[in-house]
Protein chains: 2
Amino acid sequence: MRANHPNLKTAAVEKSSHREYFNIAVSVDCVIFGYEDKELRVLLIKSDLEEFSGLFSLLGDLVRPDEDLDAASYRVLKERTGLDDVFLQQVHTFGAVKRHPSGRVVSTAYYSLVNIHNHKLNIDCHDLHWHPVQTIKKLAFDHKQILDTCLNMLREQIMDHPVVHNLLPEKFSLRALQELYEAILGTSLDRRNFRKKIALKSWLSELDELEEDVTHRPGKLHKFKTKALKISAPKKN
Amino acid sequence: MRANHPNLKTAAVEKSSHREYFNIAVSVDCVIFGYEDKELRVLLIKSDLEEFSGLFSLLGDLVRPDEDLDAASYRVLKERTGLDDVFLQQVHTFGAVKRHPSGRVVSTAYYSLVNIHNHKLNIDCHDLHWHPVQTIKKLAFDHKQILDTCLNMLREQIMDHPVVHNLLPEKFSLRALQELYEAILGTSLDRRNFRKKIALKSWLSELDELEEDVTHRPGKLHKFKTKALKISAPKKN
DNA sequence: ATCCAATGTGTTCTATAGACACAAACCTAT
DNA sequence: ATAGGTTTGTGTCTATAGAACACATTGGAT
């Protein structure tokens, strides 16, 4: 244990004498959620590390020296999905010494919500795919834990913030919205209570259009009034 | 923009070819809250950086290569206060390129709650002091923003988790508890509603002892049943 | 015309939040 | 001992939100 407590200046400025502090790499990992076939999905890539062969991992990259942390997660997202007008939120930073087998990497996790169908997918490299969240048992590194943490955050936030608009088409029925909530929460919801609760939030505008191509009575279409890209105040109501 | 997306292995293992990614320093900053004279306080240190002379800053340090991120914040806390059985919680990671004038530093903020009177303060270096939170207008670097973020987190969490036991003596009156909540929240609370709400949480045991040395009718003393050091599930009820 | 499947709607019950008042207890000063 | 001061301890009313729950209506399909 050092007798004195060097502050940031000491170590950050006099790099030569404290070189060892830069042996920590900084990365971001993005939990990119999508929604398809009434299932919540997450964008994964086949891990190419020897130790984790066969496993998938989240999308991440090292943060560049001239790049803000948030910008790095935006970059990863844009490189992979071509989208840049999406919801993106920092969740937690994972910094265990041994979390990465190849060296010390501190990684900040973000989650985002994108419309699987909207984006001009850069899934040319077909190691990428949208995997149903429910069926994920194991991921490379500590990525399963990161996924779980982000999923919990998502589940908390959808009740207070209209973030899920990113996962739906412009116009949607209340039933489609409820199915999305059920997919995210992993539970079933009472239809009447759900509609009441959503109505109270005043997030939606009711349109004069009806569903089409349904084999039953069509419901009215709705759309979100707001398009929040970030949760400004991470508070409860 | 790179054509391919190097993954962590590429950059973290082959250090020689990606040395630049290690020019980011990783640090922790601790927002250490205390409570004295019915005021919420935070432990600050006089910044010795030229540009910020006269300003105070939070307690932080670089993360060591062989040290977990959480462990680094525990270490900072222990070095400064001598305490290691305290509540400590990660809040957010700040990673703007220009947040630190001396170089690129990504810093993860933690907040903790300690009893100002309990600890054998390592405040021998008397640049340290407990500053009332209310009167803090400006801090070095982005530390004011970090403080605000942590204070918001604290305010959210005290309603759902019995974390404030760290700020009180073993035995306390309900009035003392309410004054603490009012100091943290920056508002005044209705006494009856406060007692009712606290009773509902079942966090406290009522003792058979009374306050002493008060100039009025003494209240019953209470103590916390649990001593949570970490918030296990960062969920709402 | 009938069947089918989903829409659209309201009440009851329970729990929690907020506003609000008064009697009892202990201390102090006389 | 008595009276005055200050705080404790307690309960009701109202409003709001969550959870459980049923039925008539609509449009499509046959």
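A quick note: this is a predicted structure, and the numbers were derived from the prediction, not measured. Note on naming: letters A, B, ... go to the chains in the order of the sequence lines (proteins, then strands), and numbering restarts at 1 for each one. All values below come from the heavy atoms of this structure, side chains included, with hydrogens, waters and symmetry mates left out.
Taking 4.0 Å as the cut-off between side-chain N and carboxylate O, E209(A) and K220(A) do not count as a salt-bridged pair.
Residues S27(A) and S107(A) have side chains that bring a donor and an acceptor to within less than 3.5 angstrom of each other.
Atom P of nucleotide dG8(C) and atom CG of L177(A) are separated by 13 Å, given to the nearest angstrom. Between the CG atom of L189(B) and the P atom of dA19(C) there is a distance of 10 Å, given to the nearest Å. Between the C1' atom of dT9(C) and the CD1 atom of I198(A) lies a distance of 17 Å, rounded to the nearest Å. Between the NZ atom of K197(B) and the C1' atom of dA15(C) there is a distance of 13 Å, rounded to whole Å. Regarding L200(A), its CG atom lies at a distance of 15 Å from the C1' atom of dT9(C), rounded to whole Å. Atom CD in Q178(B) sits roughly 13 Å away from atom P in dG18(C) (whole-Å rounding).
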Enumerate all atom pairs, one protein N or O and one N or O from nucleotides 8-13 of chain D, separated by less than 3.5 Å.
from	atom 1	to	atom 2	distance (Å)
dT8(D)	OP1	R175(B)	NE	3.2
dT8(D)	O2	R217(B)	NH1	2.7
dG9(D)	OP1	K220(B)	N	3.0
dG9(D)	OP2	R195(B)	NH2	2.3
dG9(D)	O5'	R195(B)	NH2	3.3
dG9(D)	N7	R191(B)	NH1	2.8
dG9(D)	N7	R191(B)	NH2	3.3
dG9(D)	O6	R191(B)	NH2	2.8
dT12(D)	O4	K196(B)	NZ	3.2

Please list, one pair per line, the donor and acceptor atoms closer than 3.5 Å that link side chains of residues 174-182 of chain B to other protein atoms, with sequence neighbours excluded.
from	atom 1	to	atom 2	distance (Å)
R175(B)	NH1	E179(B)	OE2	3.0
Q178(B)	NE2	E182(B)	OE2	3.2
Q178(B)	NE2	L189(B)	O	2.9
E179(B)	OE2	K38(B)	NZ	3.2
Y181(B)	OH	I158(B)	O	2.9
E182(B)	OE2	L189(B)	N	2.8

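Ring centers of Y74(A) and Y110(A): at least 6.0 Å apart, outside the cut-off.
Around the NZ atom of K144(A), the shell of radius 6.0 Å holds more than 12 heavy atoms that belong to other residues, nucleotides or ligands.
Panel note: side chain H143(A), backbone S57(A); no donor-acceptor pair is recorded below 3.5 Å.
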